[in-house]
Amino acid sequence: MRVPHPFHRSRGPHRGSTLTRRTLSVGAGSLLVGAMVLGAATSSAHDGGGIPLAANAPIDVAGIAAAQPVSLLGFAPPAARPAAPDVAPQFRLSADLPSGPLGIPGIVLQAYKLAADREASENAACKIPWFLLAGIGRIESNHADNGDVDQYGTTLVPIEGPVLDGSLAGNEVIRNADGSHARAMGPMQFIPSTWAAWGSDGNGDGKADPNNIFDATYSAARYLCAGVSDIMADSNKVAAVMRYNHSLAYAQNVLAWAAAYATGVMPTTPIPEMRPPSSSSSSSPSRPSSPSSGAPSSGPSAPTTTTPTQQCLGMICLPPGITLPGQPPAPAPAPTPRVTPQTTPAR
């Protein structure tokens, strides 16, 4: 029997060994190509053919431009807030307090009430009410220019009166210690010499400032109450206010506003605004000459008129039935005859 040669190709339908040899050939070829490529890359890295990379070298990245502020058309940033004054926080008083009677600014109303309360604790006999201080503040500065103060009560713009050199009708001539003409200062309009004697610290910050509403109102209360008991008594109130400003019209105006603030109601008679007197105001008004004795009366008898009971402060009267707190109603005035003009016969 013939033995087949070990390397002899088989004949017949069985061809599986041929496919296996081809697959091995292709795999060996791929390995050979990969080894050649790897060897080429390795040799090029060693012979300096590639790009040299220094150790820890910074990488050059494209620069990024800094952002620029974008301006919007028609838009402006808010203005910087002014620096707060150097005052301790406990002396800061809110300026957002509710308004008082007849539009008194809230922070100014608080100053009037604190001044009256403090003076009552120090001089109880005076019994000064807050609305008397409000009446003075209304005439002197319209309540610190309608509350134009900061959160500490200091006026944003110093308030100064006219120069007291006698150039304005009705103004006195007052000089300072250095010989210059004085000017009233602050919301309660103190003369410098008066402030030097009566100016006081009303808010506890350690200084007396005539342009601070708390200092000024407390100083005014002290000045008004000096040597006075029951300041709102009928026999005292006009004289007390005239010590502040020696003018009867001023006193009547202040007391009228005080009554309005006390009740929250404006009087039936409008309160006149204070105006500088004219140059002819010093002349006394002419009186009608009385007829000579024995001359017959040419007119009918004068009728009499009566006025309902009202509480009056000088020339200003409150509505009937309304009185100041703690004050008795004024007695009804006596009937006054109506004066009829007398005609002088032609000669």
- [ ] Could you identify which residues cluster with V163, counting Ile, Leu, Val, Met, Phe, Trp and Tyr as linked when any side-chain heavy atoms lie under 4.5 Å apart, either directly or through a chain of such contacts?
- [x]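 None; V163 is a cluster of one.
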
- [ ] Any chance you could pull the hydrophobic cluster mates of I191, using side-chain heavy atoms under 4.5 angstrom and chaining through other members?
- [x]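 Other cluster members: L164, I174.
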
For a 4.5 angstrom cut-off between non-hydrogen side-chain atoms, does [X] reach [Y]?
| X | Y | answer |
| --- | --- | --- |
| Y218 | L114 | no |
| K127 | M232 | no |
| D117 | Y112 | no |
| D165 | V173 | no |
| V241 | L132 | yes |
| R175 | H181 | yes |
| W130 | L109 | yes |
| D205 | D201 | yes |

Hey, is the main chain of [Y] close enough, under 3.5 Å, to the side chain of [X] for a donor-acceptor pair?
| X | Y | value |
| --- | --- | --- |
| D150 | G153 | yes |
| S180 | N176 | no |
| S200 | W198 | yes |
| N245 | A251 | no |

Heavy-atom closest contact ([X] atom, [Y] atom, distance):
| X | Y | answer |
| --- | --- | --- |
| L133 | A116 | CD1-N, 4.1 Å |
| M185 | P210 | CE-CG, 3.9 Å |
| G264 | L102 | O-CD2, 3.7 Å |
| N123 | C225 | ND2-O, 3.3 Å |
| T155 | P187 | CG2-CD, 4.3 Å |
| S219 | D215 | OG-O, 2.8 Å |

Open item on the list: Side-chain heavy atoms nearer than 4.5 Å, only ILVMFWY residues, links allowed to pass through others: does that put L255 and I139 together?
Closed with: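 Same cluster: L255 reaches I139 through Ile, Leu, Val, Met, Phe, Trp or Tyr contacts under 4.5 Å.
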
Open item on the list: Count I, L, V, M, F, W, Y as connected when their side-chain heavy atoms are under 4.5 Å apart, and connections chain through other members. Are I159 and I104 then in the same cluster?
Closed with: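 No, separate clusters.
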
Task: Residue pairs passing the salt bridge (charged side-chain N to carboxylate O under 4.0 Å, His left out) test where at least one lies in residues 176-186, sequence neighbours excluded - done: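 Sorted result for residues 176-186: E160-R183.
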
- [ ] Carefully, step by step, assess V108 and T217 under the rule side chain to side chain contact (heavy atoms under 4.5 Å, CB included).
- [x] CA-CA 9 Å; V108 183; T217 52; 5.9 Å; no

TODO: With side chain to side chain contact (heavy atoms under 4.5 Å, CB included) as the test, would you mind laying out the steps for F190 and E140 before giving the verdict?
DONE: CA-CA 10 Å; F190 273 91; E140 295 294 352; over 6 Å; no

Open item on the list: Can you confirm if the NZ or CZ of R138 lies within 45° of the ring axis of Y261 and under 6.0 Å from the centre of its six-membered ring?
Closed with: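 Verdict for Y261: no cation-pi partner in R138.
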
Open item on the list: Using 30° and 60° as the class boundaries, would you call the ring planes of Y250 and Y244 parallel, tilted or perpendicular?
Closed with: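 Because their plane-to-plane angle is under 30°, the rings of Y250 and Y244 count as parallel.
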
Task: Pair N211-T154, side-chain hydrogen bond (donor to acceptor under 3.5 Å, both in side chains): steps then yes or no - done: CA-CA 6 Å; N211 280 293; T154 303; over 6 Å; no

